[in-house]
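Scroll down for the structure; my scribbles are underneath it.
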Amino acid sequence: MPVGWLATIIAALDSSPERERGLSWSRCVEQRSRIEGWLKKGLRLTKARKLLVRDGIEIPYPTLHRFAVAE
């Protein structure tokens with residue numbers, strides 16, 4: 001077998017297509033400026049989520065956390 005066969009197999013397994021984002025991610029995108037503003041003021045992400053929930057915007061914490069880290 002060629003030397004690079006293992007790298008080829010690993011690359012093939014790792015090249016899975018990126019998942020589509022769901023409704024909760026879209027809500028994060030819509031609220032981006034508010035979330036950014038709160039975090040810049042030093043509010044914790046848990047508090048930002050509570051403020052969103054008060055306004056009727058339900059976003060699961062794990063999604064909000066992934067959004068904050070990614071964006």
Begin from the C-alpha positions of Leu51 and Leu43 and carry the test side chain to side chain contact (heavy atoms under 4.5 Å, CB included) through to its verdict. CA-CA 10 Å; Leu51 294 173; Leu43 267 66; 3.7 Å; yes
When Ile, Leu, Val, Met, Phe, Trp and Tyr are grouped by side-chain heavy atoms lying under 4.5 Å apart, directly or through other members, which residues fall in the same group as Leu23?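 None, because no other hydrophobic side chain comes under 4.5 Å of this residue.
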Arg44: which residues meet the side chain to side chain contact (heavy atoms under 4.5 Å, CB included) condition with it, sequence neighbours left out?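 For Arg44 the side chain to side chain contact (heavy atoms under 4.5 Å, CB included) partners, ignoring immediate neighbours, are Thr46.
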Can you name the side chain to side chain contact (heavy atoms under 4.5 Å, CB included) partners of Lys50, sequence neighbours left out?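 Once residues adjacent in sequence are excluded, Lys50 has no partner under the side chain to side chain contact (heavy atoms under 4.5 Å, CB included) criterion.
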Going by ring-ring contact (aromatic ring centres under 6.0 Å, His included), name the pairs with one or both residues in residues 22-51, residues two or more places apart or in two chains.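 Pairs touching residues 22-51 that pass the test: Trp25-Phe67.
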I'd like to know whether Val69 forms a side chain to side chain contact (heavy atoms under 4.5 Å, CB included) with Arg66, so could you lay out the CA-CA distance, the side-chain angles of the two residues, the decisive distance to 0.1 Å, and finally the verdict. CA-CA 5 Å; Val69 170; Arg66 282 193 305 274; 5.9 Å; no
Enumerate, atom names and distances included, each donor-acceptor pair closer than 3.5 Å involving a side-chain atom of residues 27-37, sequence neighbours excluded.
{"from": "Arg27", "atom 1": "NH1", "to": "Glu58", "atom 2": "O", "distance (Å)": "2.9"}
{"from": "Gln31", "atom 1": "OE1", "to": "Arg34", "atom 2": "NH1", "distance (Å)": "3.0"}
{"from": "Arg32", "atom 1": "NH1", "to": "Glu71", "atom 2": "OE1", "distance (Å)": "3.2"}
{"from": "Arg34", "atom 1": "NH1", "to": "Asp55", "atom 2": "OD2", "distance (Å)": "3.3"}
{"from": "Arg34", "atom 1": "NH2", "to": "Asp55", "atom 2": "OD2", "distance (Å)": "2.4"}

Kindly work out whether a path of hydrophobic side-chain contacts (I/L/V/M/F/W/Y, heavy atoms less than 4.5 Å apart) joins Val53 to Leu64.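 No.
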